[in-house]
Amino acid sequence: MKLLHHELARHIQDAIAAAQAAGDLTRFDIPDLEIRASKRAEQGDYNVAVMPLAKPAKMNPFEIAKQITLHFIKPDFLAVVEVAPPGYINFRLDEAWLRQQVETIIAEGDDLFALELGKGKRAQVEFVSANPTAPLHIGRSRGAVVGDTMARLLQAAGFDVEREYYFNNAGAQMRNLGNSLRLRYLEVLGQPLRLSDDEKKTFYQGEYLITFAEQLVEDVGEAWREHDWQPFKKYAEVKMFEMIRQTLARIDIHHDVFFNENSLYDSGAIWETLDALDKRGYVYKAALPENAEPEDMDDANAGKGEAVWFRSTQFGDAKDRVLVKSSGEPTYTLPDIAYHQNKLARGFDLCVNVLGADHYVQHQVVRFGVQSLGLDASKVHVILVQLVALMRGGEIIRMSSRAGNFETLDDLIDQTSPDAVRYLLLNRSTDTNMVFDLDLAVSQTNENPVYYIQYAHVRCAGIFREAAARGVTDDGADLSHLGEAEMRFLRRVFELGEVIELSVHHMEPHRIAFYALELANLFHPVFDSVRVLHSEVPPETAKARLRFFRAAQVVLKRALHLMGMSAPEVM
RNA sequence: GCGCCCAUAGCUCAGUGGAUAGAGCAUUGGUCUUCGGAACCAACGGUCGGGGGUUCGAAUCCCUCUGGGCGCACCA
C-alpha cells in the first residue's frame, strides 16, 4: 500500500523542478516540504504549505503555489489540485480510486502497511531488563508494553527485530535476594526471623520469598541449613525469572534473547572492555577523581583506596565515574558498557533501549563509554519512559520492591484484562509522568477506550456472522455503491502507514494507540448509518457495504495487533 | 545548586513551525421496529502555566520565571 504523503512529496518535487526548467520559478535548492493530512474537508485530503519557498524563490507564496500546480502531473489517485491563499496547495483524492482501495486493504490483510523503511536492517529492542528480585510491578510494566509495541512497529516498518532482556544477575541486589531467601528458608525450618541492622536495610519482604522458601524445603529438606547466600541466590533467580517470564507472556510479550550479565564476567568481556578503554586513554587509577574539587577531598569517598575511573568528563559528563571499586569489584557501569559493546558487535543497525527515567544519567555514561571505544553511539537509541505513580483511593502509593509494597502486573491483569493493561500503559507519550489510577482502571472498565476500539472489530465480525446466516456474501461486490460515510473512513485508513512511519521515526509507540481510538471513533458512526442487512438496502449496495466492512475489519485488526492486543469476534 | 522530563477543556491526555487548538471521561439534552446500545447525535467547556524573543506564521523553537516528577554513590 502506498504512503500517499511520500507520493505527493515526490510529485511536488518534480513539479518544482519542471517549473524551474520552464523558467516559471526561479532556481533554488528544493527543501523538504511537509505534506499533511488536512483537518477540514474544504482544505482537501492532503495539503502542503509552500510559504517556506518564498524566501529562496524570491517570489510571493501564492504565485509559487500556482506555478507548482501548473506543472504538477496529476497521479491517478488524485482528483483535484488547487491553491489556497496565502500559499497552500490542497489535494483531493479521487473517489473511484479510493473505493478501489477496499480491495487492496483486503488483499494486504495482516500485512497492511508493511513498510520498507527498515528493509534489510536489523533492529534490537532491549526492554524490561528488571533485576529478578521481585515480581513485575506496574511501574516496570509501562516500559515492557512500550518496548514490545515498539518492536511490533519496527517489524511493521520492515526491520528484522530481536527482543532482548538484559538480566542483571551479578550485583549486590541479587546477593541480598539470596540472603533474604536463606533467612526465609531457615524461618520455614523453625528458626525465627531475626534481622541484623544491615539485613534490615537489604531484606526483601515480599511474600513470594516465603512461597519460594516453602518450595525449597520441599525440594531439599534441611540440607541447605549451613549454606551461604549463593545457592539461595541461584534458586531464587531461577524461580523469579520463571515468574516474570510467565507474567510477560500473559500480555503477549516474549523475548528472543535473554542476556545474562554474569556471562560478561564469565567470559572476561568486562576486563577486555576495561583494557580497551585504558588503551584509548580514558581510564586512570586514583583515590579521588583527578578533576575533583577541593570540597570533594574530605567527603565520604576519601580514604577508601584506589578505584579505577572513567574520564567521562571528556564527553561533558559532570564528573568522572568509577568502573572498578577499590575493592576490585566492578560497578554496574563497566558491565553495562561491555554489554553495549557486545550488542553493537552483533551487527545491529539499530539498538533501542527502553529505560526508566531514573536511569538517565547512567545511560549517558554508558553512551560516553561506547563513544570512547570508537563505536557508533548513534545506533543506540534510548526511549526514556517517565515513571508511573500509582493512585488508589485518591492517594498516591509509593512503590518499593524491597518493602514488598507494590502492585504487581499480575494483580492488575487479574482485575482488568491483558488488553486493557496494554492499552492503558501505551496510551500516553513516554515523556509524561503517568498517574495510574487503579480504581479507575478496575472499576470503570466499561468506559475504557480499549473496549470501544475492540467493539468496532466485534461489530464487523458480527455482521459477517449474520450475513452468512442470511446467505449474503460480498463476492463480486461493485464498490461504486459505496457512499460518503465509507469514504471518510477510508481516507483515515491511509494515515495508518504514516502513523507507523512516524512512530518509528520518533520512537513514539503511543501514536498507534491514539490512531486506533480515532479510527474506532470514525467507525462507529459509519456502522450506525451504513446498514447492510436491512430490507430497504438494495442487494448490490449491501454487497458493496459488506465488502467495505471486511476492509474495515482488516484495518482494525491490524491496529489492535500492532498494539499487541486481541481482535475479538465477540465480547 | 546542576542535569533530564512535564505544565493544553472540570478530569486524564493527543497535537510533525502552518489555515478556525482536538479526543476520551464527566455534565446536560436528544436518537432506537431491522447487522449486538460496550452504540449514535448535539450542547457545554480553552489567557495552550506567566513574561520576553525568533518567524510571513509559535501550543510547538530560544531565553527567563513559577510550579510538579525523576536523577545527581566506590547502589543496581
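Quick note on labels: first sequence line is chain A, next is B, and so on, each numbered from 1. Just so you know, these numbers come straight off a predicted model, no measurement behind them.
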[N] [atom2] sits how many Å from [X] [atom1], rounded?
X	N	atom1	atom2	result
A:His524	B:A38	NE2	C1'	8 Å
A:Leu517	B:G15	CG	P	13 Å
A:Leu387	B:C4	CG	C1'	12 Å
A:Tyr166	B:A76	OH	C1'	10 Å
A:Ile64	B:C56	CD1	C1'	12 Å
A:Asn433	B:G71	CG	P	11 Å
A:Leu424	B:C13	CG	C1'	13 Å
A:Tyr515	B:A14	OH	C1'	16 Å

Could you encode protein contacts along nucleotides 16-22 of chain B as a string, one character per nucleotide from 5' to 3', using B for base contact, S for sugar-phosphate-only contact and - for no contact, with a heavy-atom cut-off of under 4.0 Å? B-BBB-S

How would nucleotides 28-37 of chain B be written as a contact map, 5' to 3', with B for base contact, S for sugar-phosphate-only contact and - for no contact, using protein heavy atoms under 4.0 Å? ------BBBS

Whole-Å [atom1] distance, [N] and [M]:
N	M	atom1	answer
B:G22	B:G45	C1'	13 Å
B:U60	B:C48	P	10 Å
B:A21	B:G17	C1'	14 Å
B:G10	B:U27	P	16 Å
B:C65	B:G24	C1'	33 Å
B:G3	B:A73	P	15 Å
B:G46	B:C41	C1'	24 Å
B:A7	B:U16	P	12 Å

Quick check on [N]: is either OP1 or OP2 less than 4.0 Å from any side-chain nitrogen or oxygen of [X]?
X	N	answer
A:Lys325	B:C75	yes
A:Asn521	B:G24	yes
A:Tyr452	B:C40	yes
A:Thr333	B:C75	no
A:His510	B:G15	yes
A:Lys319	B:A73	yes

Under 4.0 Å, counting only non-hydrogen atoms across every strand here, what does A:Thr432 touch: a base, just sugar-phosphate, or nothing?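 Here A:Thr432 touches the backbone only, sparing every base.
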
Quick one: does A:Thr331 reach the base of B:C74 with a side-chain donor-acceptor pair under 3.5 Å?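 For A:Thr331, whose side chain was compared with the base of B:C74, there is no donor-acceptor pair (under 3.5 Å).
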
Please indicate whether A:Lys233 has more than 12 foreign heavy atoms, meaning atoms of other residues, nucleotides or ligands, lying under 6.0 Å from its NZ.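 Atom NZ in A:Lys233 is crowded, with more than 12 foreign heavy atoms closer than 6.0 Å.
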
Is it true that, when you exclude A:His505 itself, more than 12 heavy atoms of the residues, nucleotides or ligands shown sit nearer than 6.0 Å to its NE2?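 For A:His505, atom NE2 is not crowded (no more than 12 foreign heavy atoms under 6.0 Å).
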
[X]: what forms a ring-ring contact (aromatic ring centres under 6.0 Å, His included) with it, not counting sequence neighbours?
X	answer
A:Phe113	none
A:Tyr282	A:Phe315
A:Tyr360	none
A:Phe167	A:Phe241

According to side chain to side chain contact (heavy atoms under 4.5 Å, CB included), who are the partners of A:Val532, at least two apart in sequence or on a separate chain?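 In terms of side chain to side chain contact (heavy atoms under 4.5 Å, CB included), with neighbours along the sequence ignored, A:Val532 is linked to A:Ile463, A:Ala542, A:Arg545, A:Leu546, A:Phe549.
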
Looking at residues at least two apart in the chain, or sitting in another chain, which of them share a side chain to side chain contact (heavy atoms under 4.5 Å, CB included) with A:Glu569?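 A:Glu569 satisfies side chain to side chain contact (heavy atoms under 4.5 Å, CB included) with A:His457, A:Ala461, A:Arg465, A:Gln553 once adjacent residues are dropped.
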
Give the stems involving RNA chain B, where a stem is 3 or more consecutive Watson-Crick or G-U wobble pairs (i with j, i+1 with j-1, and so on) under 3.5 Å.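 When the pairs of RNA chain B are grouped into runs of at least three, the stems are B:1-7 with B:66-72, B:10-13 with B:22-25, B:27-31 with B:39-43, B:49-53 with B:61-65.
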
Nearest nucleotide by nearest heavy atom, which residue falls closer to the 5' end of RNA chain B, A:Ala520 or A:Asp431?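 With A:Asp431 and A:Ala520 compared, the 5'-side residue is A:Asp431.
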
Not counting sequence neighbours, list each pair that qualifies as a salt bridge (charged side-chain N to carboxylate O under 4.0 Å, His left out) and has a residue in residues 354-368 of chain A.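 Every candidate salt bridge (charged side-chain N to carboxylate O under 4.0 Å, His left out) pair involving residues 354-368 of chain A fails, so no pair, neighbours aside, qualifies.
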
Would you list the pairs meeting salt bridge (charged side-chain N to carboxylate O under 4.0 Å, His left out) in which at least one residue belongs to residues 503-528 of chain A, sequence neighbours left out?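 Listed by first then second residue: A:Arg459-A:Asp528, A:Arg492-A:Glu518, A:Glu508-A:Arg511.
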
Does a donor on one side chain and an acceptor on the other come within less than 3.5 Å for A:Asn131 and A:Gln173?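 A:Gln173 and A:Asn131 do not have a side-chain donor-acceptor pair below 3.5 Å.
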
Taking side chain to side chain donor-acceptor pair (under 3.5 Å) as the cut-off, I'd like each qualifying pair that reaches into residues 53-67 of chain A, sequence neighbours left out, listed once.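 Applying side chain to side chain donor-acceptor pair (under 3.5 Å) to every pair that reaches into residues 53-67 of chain A, excluding sequence neighbours, yields A:Glu63-A:Gln67.
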
Taking the six-membered ring for Trp and the single ring otherwise, decide whether the centroids of A:Phe494 and A:His5 are under 6.0 Å apart.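 Centroid distance A:Phe494-A:His5: not below 6.0 Å, so no.
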
So that I know where these two stand, are A:Phe548 and A:Phe489 an aromatic pair - ring centroids less than 6.0 Å apart?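 That pair passes the under 6.0 Å test.
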
